[in-house]
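To keep things clear, I will list the structure first and then write my remarks on it.
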Amino acid sequence: EKGGYEHFMLKEIFEQPRSVHDSMRGRVNSATGHLLLGGLREYLNKMIHARRIIIIGCGTSWHAGLVAEYIFEEFARVPVEVEYASEFRYRNPIINEGDVVIAISQSGETADTLAAIELAKSKGAIIFGVCNVVGSSIPRATHAGAYTHAGPEIGVASTKAFTAQVVVLTMMGIILAKAKGTISETDYRKLLVELETIPEKIEKILSNHKQIEYISDLFKEARNFLFLGRGYNFPVALEGALKLKEISYIHAEGYPAAEMKHGPIALIDEEMPVVFIATKDSSYEKIVSNIQEVRARKGRVIAVVTENDKLISQMAEFIIEIPHTHEALMPLLSVIPLQLLSYYIAVMRGCNVDQPRNLAKSVTVE
Ligand code: F6R
């Protein structure tokens, strides 16, 4: 059932061209300009008029929520807050009638997320679910929702569910922006066209797995890792660090690259691998200077860059090239090498990647 792969996690990473395609199937058509999420239709009007949107989730699902925050705010011009479900539910949050809550969960069974939904519902919020497991508890507790259609995810570390969540949330953001009139026709078309190219671009990144395996071998003994990104790639830095720590047990931290100078830079020495997610986007120049700061302190730089990046290839010890896409869709590509890196490092360290110690696939305890 692992389809010839050594682990479910690897199988699920390699399934992403397909699963991303599945999460868009029947929903996007760039040729006709069609973009539709059935579950959203009934609540679209309420969403358009929402004064703010609160996104809740845990772990990787919370990271997908962070990507969505950037997309919703940029294109749909609606204030978004992203909260850990566990913090949200215990701090007497301010929820007003008509507020929209988006709950993200692969399993649909996460106890904290479910409890946060019940709380928000009791205060009159509209709850929209983005879940993978059909018929699970969270979709049953929400007013409406959209399934991610990534297919069953068996590996404890979430991979294809994350990219599917980001795809669905991106579609939601674009639909909302279109309905509100806050997105230009050009941007709208461009995003749809680019969305449809994501599966083949993921395929291309996966075909480069040998190089990532080679880099993994050189860093498998590291005791710490830093992951840095800016803008849309900031949540990807957090996700890269989470993947690595949960399956390889290497201590890793993700940070927005600009925060480095406020503390973490003190950690940099010749033993500290720093993974930069430094694709060509609006924060490119800024992240290039962050790379220089790390190099100046002898940190070992691995950089995920856009194809044909000549500048960073001269600065970093290793580069991993990925195809270009719209800045807002980049997390769908830039996360892939980080999933592979953590997978290979964990396997090389002899870890049980599909069932890491102390972790469960659905966290049904509070
Ligand atoms: C990380 C991971 C966890 C889950 C979290 C939420 O790889 O799998 O952090 O993302 O437990 O789970 P769901 O999405 O099922 O609510």
Side-chain angles (χ1 to χ4, degrees), residues 7-13 15-16 19 23 55-68 82-89 101-118 120 127-142 145-169 227 235-250 252-254 331 335-336 338-343 345-346 351-366:
H7 299 98
F8 283 110
M9 183 180 174
L10 190 62
K11 169 174 177 268
E12 289 158 5
I13 291 172
E15 265 170 8
Q16 287 175 108
S19 56
S23 51
I55 301 181
I56 53 173
C58 304
T60 290
S61 295
W62 181 76
H63 296 156
L66 288 178
V67 176
V82 190
E83 293 254 19
Y84 284 117
S86 58
E87 286 300 316
F88 178 80
R89 61 178 287 213
V101 171
I102 302 175
I104 310 172
S105 177
Q106 188 287 128
S107 62
E109 299 296 347
T110 300
D112 279 324
T113 309
L114 196 53
I117 290 170
E118 297 301 349
I127 323 288
F128 193 90
V130 175
C131 297
N132 195 44
V133 177
V134 176
S136 54
S137 303
I138 291 175
R140 283 188 276 122
T142 53
Y147 283 113
T148 45
H149 296 309
E153 190 178 67
I154 313 290
V156 163
S158 189
T159 54
K160 65 173 180 171
F162 173 77
T163 43
Q165 287 165 342
V166 173
V167 166
V168 168
L169 291 160
F227 289 79
V236 176
L238 297 183
E239 176 60 7
L242 177 62
K243 284 292 89 90
L244 188 68
K245 65 189 132 190
E246 70 180 330
I247 61 165
S248 76
Y249 318 138
I250 294 174
E253 291 195 53
V335 75
I336 310 287
L338 307 188
Q339 295 170 344
L340 285 170
L341 187 74
S342 62
Y343 170 79
I345 290 180
C351 300
N352 183 349
V353 293
D354 282 338
Q355 294 247 274
R357 67 187 182 201
N358 312 337
L359 290 174
K361 186 65 185 160
S362 323
V363 183
T364 50
V365 292
E366 304 186 26

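Ligands are counted one by one from 1 in listed order, and the atoms in each one are counted from 1 as well.
- In terms of heavy atoms, E12 sits closest to I154 at OE2-N, 2.6 Å.
- Of all the heavy atoms in S105 and Q165, the pair that sits closest is C-NE2, 4.0 Å.
- Annotation for ligand 1: atoms under 4.0 Å from non-hydrogen atoms of S61 are 10 (O), 13 (P), 14 (O).
- Under a 4.0 Å criterion applied to the non-hydrogen atoms of Q106, ligand 1 contributes the atoms 13 (P), 14 (O), 15 (O), 16 (O).
- Near S105, the atoms of ligand 1 lying under 4.0 angstrom from a non-hydrogen atom of the residue are 13 (P), 14 (O), 15 (O), 16 (O).
- Using modelled atom types, no side-chain atom of N132 and backbone atom of G108 make a donor-acceptor pair closer than 3.5 Å.
- Counting heavy atoms under 4.0 Å from ligand 1, residue T60 touches it through both backbone and side chain.
- Among the atoms of Q165, none of the N or O lies under 3.5 angstrom from an N or O of ligand 1.
- Judged by distance alone, the side chain of S248 and the main-chain N or O of K245 form no donor-acceptor pair under 3.5 Å.
- Below 4.0 Å from some heavy atom of E246 lie the following atoms of ligand 1, by number and element: 1 (C), 2 (C), 7 (O).
- Residue-ligand proximity: N132 is placed with every non-hydrogen atom at 4.0 Å or more from ligand 1.
- Under the 30°/60° scheme for interplanar angles, the aromatic rings of H7 and Y343 are found to stand perpendicular.
- Close approach to A157 involves these atoms of ligand 1, each under 4.0 Å from a residue heavy atom: 7 (O).
- For the residue pair T60/K243, the side-chain donor-acceptor check at 3.5 Å is satisfied.
- Remark: ligand 1 atoms within the under-4.0 Å shell around heavy atoms of K243 are 1 (C), 7 (O).
- Proximity to T110 (heavy-atom distance under 4.0 Å) selects the following atoms of ligand 1: 12 (O), 13 (P), 15 (O), 16 (O).
- Considering only non-hydrogen atoms, atom 8 (O) of ligand 1 lies nearest to V156 out of T113, V363, V133, V156.
- Although no hydrogens or angles enter the test, the distance criterion places a donor-acceptor pair under 3.5 Å between the side chain of E153 and the main chain of A161.
- Here the closest non-hydrogen pair linking A116 and F88 is CB-CD2, 3.8 Å.
- Residue contacts with ligand 1 include C58, since one or more of its heavy atoms lies under 4.0 Å from the ligand.
- Residue A252 comes nearest to F227 through the heavy atom pair CB-CE1, 4.0 Å, listed as atom of the first residue, atom of the second, then distance.
- Between K361 and ligand 1, not a single N/O pair is under 3.5 Å apart.
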